[in-house]
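Heads up: the structure comes next, in structure tokens.
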Amino acid sequence: MNGHTVSTDVLIAGGGSVGLMLAVLLRHHGVKSLVVEEKPELSHHPRATGIGPRSVEILREVGLAQAVNEAAVDLRAGKIRGRTLAEADFTEGVAWKTRGAAETTYTPARIRGTCAQNRLDRVLITKAGDVEFGVALDSFEQDADGVTATLSDGRVVRARYLVAADGVRSRVRQILGIGLTGPGVIGEETTSVLFRADLRPRKPFAMCNIDHPDATGLLVTVDGEREWVFLTRLGAEPTPEHIRTALGDPSIEVEIRSVLTFRGRGQVADRLSVGRVFLVGDAAHAIPPLGAFGLNTGVADAHNLAWKLAYALRGEAGPELLETYHAERHPVALMTMEQALLRFNDPSLHWGQDMAEARKAAGAINAPVVHIGYRYGGAELPSTEDVALDLDGSPGSRLPHMWVADGVSTLDLVGSRWCVLTADPGVAADVPVHVVDGWPYGTVLVRPDGFVSRSY
């Protein structure tokens, strides 16, 4: 296929969750994309399991929220702990889950439990369009009109824009010579063991801290029945016996499917765009895992960028709009990395109960605020604890959620386009106007990504 040239609007290097999400969003906006992924197939070994409320809102926007909810695991407990799984106490986990469920009045997002990354990807690829596995981006050059990229199979791709979703060691970022800010590699090397074991008689849970001295680690659900991940620092090749020790059941059959090793990272690219090339997800920022911020920040990157690329490709906006991608997402990435690092050094800031004062003293922000309460433009947040206070209709913040009909949120009214929300039936505008009874936030102009552009 050497010398064969193909063309597309957007070439996406990397077919992980964020690359696939960007492809879904671009297709939603009527933009043609091509995803190339070096691996031969979708990864079956999940690196993340927590899908945050903002990500569920975005899935709702593109019509995939129900499919992801069906792929999720229905849980009765959040995080539990015990010397082994057999000795774990579910009480604390149930209380934690109840607290989380009580804090969802600020969003229409609902997901019944946890959805591992591999299960999410199987949903995303159904609406991602053209995705090619076993093909990597080797090199590229950009000019005033587009990007010319050479793939590992010899083909040449001519695209209007290139987006790097190619991970923490991004080749695209390296070719561009973009530096990194942050501590880089942190913590000890962790082994992630994907295994199969039939644990169906036990109550469903999200994760379990195992304190056994011979198998200390974190057990994480994948499907809630037979597939699990065990995160540990064994210092040796994991065996089924290690897993049986953690489970507290010497008789159970264990099949190890794959083993990965990794260390946490805290780094943010100094630039998220250069000309017609953009960075998203781990290529743009590596976030330490505690808090479930990494994947969700990448999904928000894709959401911010997709509509801007669509408007630029249709000739409805100039390069100035695309320049706002770095201006808006870079501060969010830095803030998120800092918050994850605080939790990495003191996990109680995330998992502990009644930790508002401790978070304030440490400079930590409550997790829902990190996920959804940030705002573009640098304005100070009204609250670092109560996300509902931050979603107040101010410019730069995500549009406040209100139910306007059975199952219909004000966020649904946006419809991925510019619009106005108001309680005043006399308001007229060049974009759709939605009059909402009891709307207390004045008249607001809303962007296609659901963020308030300005208020009147």
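For this chain, numbers begin at 1 and follow the sequence in order. Please read all numbers here as calculations on a predicted model, not as lab measurements.
Under 4.0 Å is where a charged nitrogen must lie from a carboxylate oxygen, and between Arg329 and Asp301 at least one such pair does. For Asp143 and Arg158, the salt-bridge test passes: some basic side-chain N is under 4.0 Å from an acidic carboxylate O. For Asp249 and Arg244, the salt-bridge test fails: no basic side-chain N is under 4.0 Å from an acidic carboxylate O. Residues Lys39 and Glu37 are not paired through a salt bridge, judged by the lack of any N-O separation under 4.0 Å between the basic side chain and the carboxylate. Checked for salt-bridge contact, Glu328 and Arg447 meet the test: a charged N lies under 4.0 Å from a carboxylate O.
Under the 3.5 Å distance criterion, the side-chain polar atoms of Asp223 are matched with a main-chain donor or acceptor of Glu225. Arg196 contributes no side-chain N or O that, together with a main-chain N or O of Arg226, makes up a donor-acceptor pair within less than 3.5 Å. Side-chain N or O atoms of Asp166 include one that pairs as donor or acceptor with a backbone N or O of Val172 at under 3.5 Å.
When all heavy atoms of Ile256 and Pro238 are compared, the pair lying nearest together is CD1-O, 3.7 Å. Contact record, Ile210 with Leu85: CD1-N, 3.6 Å, taken as the closest heavy-atom pair. Across all their heavy atoms, Glu237 and Val259 have their closest contact at OE2-CG2, 4.5 Å. For Ala300 against Ile58, the heavy-atom pair with the smallest separation is CA-CD1, 4.4 Å. In this structure, Tyr325 and Leu279 approach most closely via the heavy-atom pair OH-O, 2.6 Å.
Using modelled atom types and a 3.5 Å distance limit, the side chains of Glu61 and Ser416 yield a donor-acceptor pair. Residues Asn296 and Ser55 have side chains that bring a donor and an acceptor to within less than 3.5 angstrom of each other. When only modelled atom types and interatomic distance are considered, Asp138 and Thr150 share no side-chain donor-acceptor pair under 3.5 Å. Neither side chain, Glu323 nor Ser273, offers a donor N or O lying under 3.5 Å from an acceptor on the other. Between the side chains of Thr239 and His242, at least one donor N or O lies within less than 3.5 Å of an accepting N or O. In this model, no donor atom of one side chain and acceptor atom of the other lie less than 3.5 Å apart for Thr148 and Glu141. Residues Tyr376 and Asn304 bring a donor and an acceptor atom of their side chains to less than 3.5 Å of each other.
Using cut-offs of 30° and 60° on the angle between ring planes, the pair His401 and Trp403 is perpendicular.
Not counting sequence neighbours, His28 has no partner by the ring-ring contact (aromatic ring centres under 6.0 Å, His included) test. Shown here are the side chain to side chain donor-acceptor pair (under 3.5 Å) partners of Thr261, two or more places apart in sequence or in another chain: there are none.
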Evaluation steps, salt bridge (charged side-chain N to carboxylate O under 4.0 Å, His left out), between Arg155 and Glu132 | CA-CA 12 Å; Arg155 283 179 297 166; Glu132 297 190 16; 2.4 Å; yes
Would Arg60 and Asp412 satisfy salt bridge (charged side-chain N to carboxylate O under 4.0 Å, His left out), going step by step from the backbone distance to the final call?
-> CA-CA 8 Å; Arg60 181 185 177 98; Asp412 300 325; 2.8 Å; yes
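Crowding of Arg110 atom CZ: a count of heavy atoms from other residues, nucleotides or ligands under 6.0 Å exceeding 12. A 6.0 Å sphere centred on CZ of Arg257 holds more than 12 heavy atoms belonging to other residues, nucleotides or ligands.
Checked against the 6.0 Å centroid threshold, Phe195 and Phe230 do not count as a close aromatic pair.
Interatomic distance, CD1 of Ile178 versus CG of Asp270, reported as 8.0 Å (0.5 Å rounding). Atom OH of Tyr161 is separated from atom NZ of Lys308 by 13.0 Å, given to the nearest 0.5 angstrom.
Using a 4.5 Å heavy-atom cutoff, the side chains of Arg265 and Arg169 are in contact. A heavy-atom distance below 4.5 Å is found between the side chains of Val157 and Thr8.
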